[in-house]
Amino acid sequence: MEYLLRDLRRTHYTGSVTEDVIDEEVTIMGWVHEIRDLGGIIFLLIRDIEGRIQVTAPSKKLPAEILEDIRALRKESVVAIKGKVQSSSKAPNGVEILPSEITVLNMADQPLPMDPTEKVKAEIDTRLNSRFLDLRKTGVSAIFKIRNQMFKSIREYFADNNIIEINTPKLVASATEGGTELFPITYFEREAFLGQSPQLYKQMMMSAGFDKVYEIGQIFRAEEHDTLRHLNEAISIDMEASFMDDTDVKNILNDMMVKLINDVNDNCSNELDILDYKLEVPQGKFQDIDYDEAVDLINARGIEMEYGEDLSREAEKVLGDAMDDFYFLSGWPTEIKPFYVMPCEDQSQKCHAFDLMYKNLELSSGATRIHQYDLLVEQMIAKDLSPESFESYLKAFKYGMPPHAGWGLGADRLNMVLTGVENIRECVLFPRDRHRLTP
RNA sequence: GCCUUGGUGGUGUAGGGGCUAUCAUGCGGGCCUGUCGAGCCCGCGACUCGGGUUCAAAUCCCGGCCAAGGCGCCA
């Protein structure tokens, strides 16, 4: 038995062991997915990031030591296998490897805390407790391959539109935009908090003249929610643009979503197949419904709702059923939106805020922001916030803040939409919720 | 935080006052030269915790802990 890599290196991933390399000697590295010992012949399935390949060991053609090594293997152990690629109509992909050297890089203990071959299903709690094993499953890793494409496309879109990537602090003093509970932490001898959103910082970047910015980063909310679509640590995709209003940034969001979904369809068809999910590409402009109309529609469908309220879960569901998959919900009451949202000129009880919905799931919230110092202070006072505690933010509005607008988009929720999974925890490697802080 | 349902081998389950506690997968051993959810044979391994009712509790009752789903909060 051998445990060190030494000068051993992989020559091929399983995906490139194809008919093109027949008769070549290859070295693959990965996990022992399955061992089928038929006595005179043993089949091994070796798995790596790209898939699986069959290693075939007929006893009469191979030295006894190799057969012994194979019989000593345990499932999910990590191995390096050197061997010759041969064509076989009986092998899963038409090719198999005849091993000449097997190196065990790490033997796995048994029994495993869950079954990574998906023969016996496991509950989400069991799966998350052994997430490293759960993630070895093709159906689980497919979600994260799509997630990777999602961020790649989004970054491409922003880069193509000259939107600058920024990073803002996640350790913040106290001033918050309200609305949510924060996680308190100890910052040397002071109290501080984990950031709920980059909102105030990305707005300050407008005053800094960066014109259009975006950030993809962690946000933290200390709410005791317990649903399939909330997390206490999430990834937010935030953008903010100067000299634009809500209509302009809605268009940006709309275009980005269409590009993104096309990209996922084009580049992740294999992963979508594994998940057995068909991703519909939205056509052109998303439907856009005014808040007032939405309230009427919800009431007309038998769910009671007052003007000025936020949507209940039931209301979201009937609205989602009535609309296209993607739609904007616009013209929200000023009362229930944050202080920095620009009220409408003609009727200040409504504001230039919108949500992007997918069926009954809120994906994004955005708005034209207030850029005038006096109005901003007025709105803060109206929401019982103290302008003194926002001093460092407000300062940016006194010396030349351009009109601007922006949005924040929940990356994990977007990942749900792209993969069709129903529990947001499925879209996060190591989710943080009300009850879970490990692994 | 509230409501509902649940907690049985490593995993997923059946059972629901008295059984040697079901099945699958897994694990250990044996047979087998074309498996591909391999097959066949033998074996291993479990009733969430604390009280209570009862001759007898995995099963009924009360409480705790934990989980799943729904709601609320929130995005």
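Reckoned from all heavy atoms, side chains included, excluding hydrogens, waters and symmetry mates. Letters A, B, ... mirror the listed sequences (proteins, then strands); counts begin at 1.
Within the model, atoms CD1 of A:Ile252 and CG of A:Asp248 stand 7.0 Å from one another, a figure rounded to the nearest 0.5 Å. To the nearest 0.5 Å, atom CD1 of residue A:Ile143 and atom SG of residue A:Cys427 are 5.5 Å apart.
As rounded to whole Å, 13 Å separates atom P of B:rG70 from atom CD1 of A:Ile124. Residue A:Asp355 contributes atom CG, which lies 12 Å from atom C1' of B:rC74 at whole-angstrom precision. Taking atom CD1 of residue A:Ile42 and atom C1' of nucleotide B:rC36, one finds them 16 Å apart after rounding to whole Å. Protein atom CZ of A:Phe43 is 7 Å distant from nucleotide atom P of B:rG34, rounded to whole Å. At whole-Å resolution of the value, NZ in A:Lys121 and P in B:rG37 are 18 Å apart. In this structure, the CZ atom of A:Arg229 is 15 Å from the P atom of B:rA68, given to the nearest Å. Whole-Å rounding puts the A:Ile35 CD1 to B:rC32 P distance at 19 Å. When the C1' atom of B:rG7 is taken as reference, atom NE2 of A:His435 falls 16 Å away, rounded to whole Å.
Under the rule for a ring pair (Phe, Tyr, Trp, His ring centres under 6.0 Å), A:His12 has no partner lying at least two apart in sequence or in another chain. Residues passing the side chain to side chain donor-acceptor pair (under 3.5 Å) test with A:Ser365 are A:Asp355, A:Glu362, sequence neighbours excluded.
Contacts with RNA chain B (heavy atom under 4.0 Å) in residues 292-325 of chain A: A:Ser312, A:Arg313, A:Lys317, listed by number. Of the residues in residues 79-92 of chain A, those with a non-hydrogen atom less than 4.0 angstrom from any atom of RNA chain B are A:Ser88, A:Lys90, A:Ala91, A:Pro92. Listed by residue number, there are no residues of residues 15-30 of chain A with a heavy-atom contact under 4.0 Å to RNA chain B. Listed by residue number, A:Asp125, A:Thr126 are the residues of residues 125-147 of chain A with a heavy-atom contact under 4.0 Å to RNA chain B.
Using modelled atom types, one finds a donor on one side chain and an acceptor on the other under 3.5 Å when comparing A:Lys170 with A:Thr168. In the model, A:Gln203 has no side-chain atom that pairs as donor or acceptor with a side-chain atom of A:Tyr340 under 3.5 Å. At a cut-off of 3.5 Å, with distance as the only test, a side-chain donor of A:Thr56 or A:Gln54 sits close to an acceptor on the other residue. When only modelled atom types and interatomic distance are considered, A:Gln149 and A:Ser153 share a side-chain donor-acceptor pair under 3.5 Å.
Between A:Arg434 and A:Asp226 there is no salt bridge, since no side-chain N of the basic residue sits under 4.0 Å from a carboxylate O of the acidic one. Look at A:Glu314 and A:Lys317 and you find no salt bridge, because none of the NZ, NE, NH1 or NH2 atoms lies under 4.0 Å from a carboxylate O. Between A:Lys202 and A:Glu215 there is no salt bridge, since no side-chain nitrogen of the basic residue lies less than 4.0 Å from a carboxylate oxygen of the acidic one. The residues A:Asp263 and A:Lys152 are annotated as not salt-bridged, no charged nitrogen and carboxylate oxygen being separated by less than 4.0 angstrom. A salt bridge does not link A:Arg425 to A:Asp412: none of the charged side-chain nitrogens sits closer than 4.0 Å to a carboxylate oxygen.
No engagement by A:Asp412 is indicated, since no non-hydrogen atom pair under 4.0 Å with the nucleic acid exists. When heavy atoms are screened at a 4.0 angstrom cut-off, A:Ile336 is found touching no nucleic acid atom at all. A:Glu118 comes within contact range of no nucleotide atom at all, as no heavy-atom separation falls under 4.0 Å.
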Solution key, residues 79-95 of chain A side-chain donor-acceptor pairs under 3.5 Å, sequence neighbours excluded:
unit_1	atom_1	unit_2	atom_2	d
A:Ser88	OG	A:Lys90	N	3.1
A:Ser88	OG	A:Ala91	N	3.4

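To the nearest whole angstrom, the two P atoms, one in B:rC62 and one in B:rC3, are 14 Å apart. When the C1' atom is compared between B:rG17 and B:rU53, the two are found 11 Å apart, to the nearest whole Å. When the P atom is used for both B:rG1 and B:rG64, the distance is 12 Å, rounded to whole Å. One C1' atom belongs to B:rG18, the other to B:rA24, and the distance between them is 28 Å to the nearest Å. Taking the C1' atoms as reference points, B:rC44 lies 16 Å from B:rA21, given to the whole Å. Separating the P atom of B:rG7 from that of B:rU59 is a span of 11 Å, rounded to the nearest Å. Comparing B:rG16 with B:rC2, their P atoms are spaced 32 Å from each other, to the whole Å. For the C1' atoms, the distance linking B:rA68 with B:rG30 amounts to 42 Å, nearest Å.
Figure legend: A:Arg147 and A:Phe151 shown without cation-pi pairing, the cationic atom not lying both under 6.0 angstrom from the six-membered ring centre and within 45 degrees of its axis.
Along RNA chain B, the nucleotide closest to A:Thr227 and the one closest to A:Lys337 are compared, and the more 5′ of them pairs with A:Thr227. Between A:Glu96 and A:Met114, the residue anchored closer to the 5' end of RNA chain B is A:Met114, taking for each the nucleotide with the nearest heavy atom.
Using the Watson-Crick or G-U wobble rule with both distances under 3.5 Å, B:rA14 pairs with nothing in any strand shown. Pairing for B:rG43 goes to B:rC27, judged as Watson-Crick or G-U wobble with the two contacts each under 3.5 Å. Across all strands shown, B:rG34 has no partner, as no Watson-Crick or G-U wobble contact with both distances under 3.5 Å is found. Base pairing of B:rC60: its partner is B:rG52, meeting the Watson-Crick or G-U wobble criterion (both donor-acceptor distances under 3.5 Å). Searching all strands for a Watson-Crick or G-U wobble partner of B:rU5 with both distances below 3.5 Å returns B:rA67. Here B:rC74 sits opposite no nucleotide as a Watson-Crick or G-U wobble pair (both hydrogen-bonding atom distances under 3.5 Å).
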Each nucleotide N or O in nucleotides 2-5 of chain B that has a protein N or O under 3.5 Å away: list the pair and distance.
none

Find every protein N or O atom lying less than 3.5 Å from an N or O atom of nucleotides 39-44 of chain B, and list the pairs.
none

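Residue pairs meeting the side-chain hydrogen bond (donor to acceptor under 3.5 Å, both in side chains) criterion with at least one partner in residues 18-28 of chain A, sequence neighbours excluded, do not occur; the list is empty. The salt bridge (Lys or Arg N to Asp or Glu O under 4.0 Å) analysis of residues 40-52 of chain A, with sequence neighbours excluded, yields the pairs A:Arg47-A:Glu76.
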Practice item. Could you go through the ring-ring contact (aromatic ring centres under 6.0 Å, His included) check for A:Phe354 and A:Phe328 one step at a time? Key: CA-CA 6 Å; A:Phe354 62 89; A:Phe328 286 113; 5.6 Å; yes
Exercise for review: Give the intermediate values and the outcome of salt bridge (Lys or Arg N to Asp or Glu O under 4.0 Å) for residues A:Lys383 and A:Glu335.
Suggested key: CA-CA 8 Å; A:Lys383 302 251 182 211; A:Glu335 179 81 28; 6.0 Å; no
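Counting non-hydrogen atoms of other residues, nucleotides and ligands closer than 6.0 Å to CG of A:Asp321 gives a total above 12.
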Review point. Nucleotide by nucleotide, 5' to 3', does protein get under 4.0 Å of the base (B), only the sugar-phosphate (S), or neither (-) in nucleotides 21-29 of chain B, counting heavy atoms?
Key: ----SSS--
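If you check B:rU33, B:rC73, B:rG69 against the side chain of A:Ile41, the one that comes closest is B:rU33.
Distances shown here put every side-chain N or O of A:Asn93 at or beyond 4.0 Å from the OP1 or OP2 atom of B:rC36.
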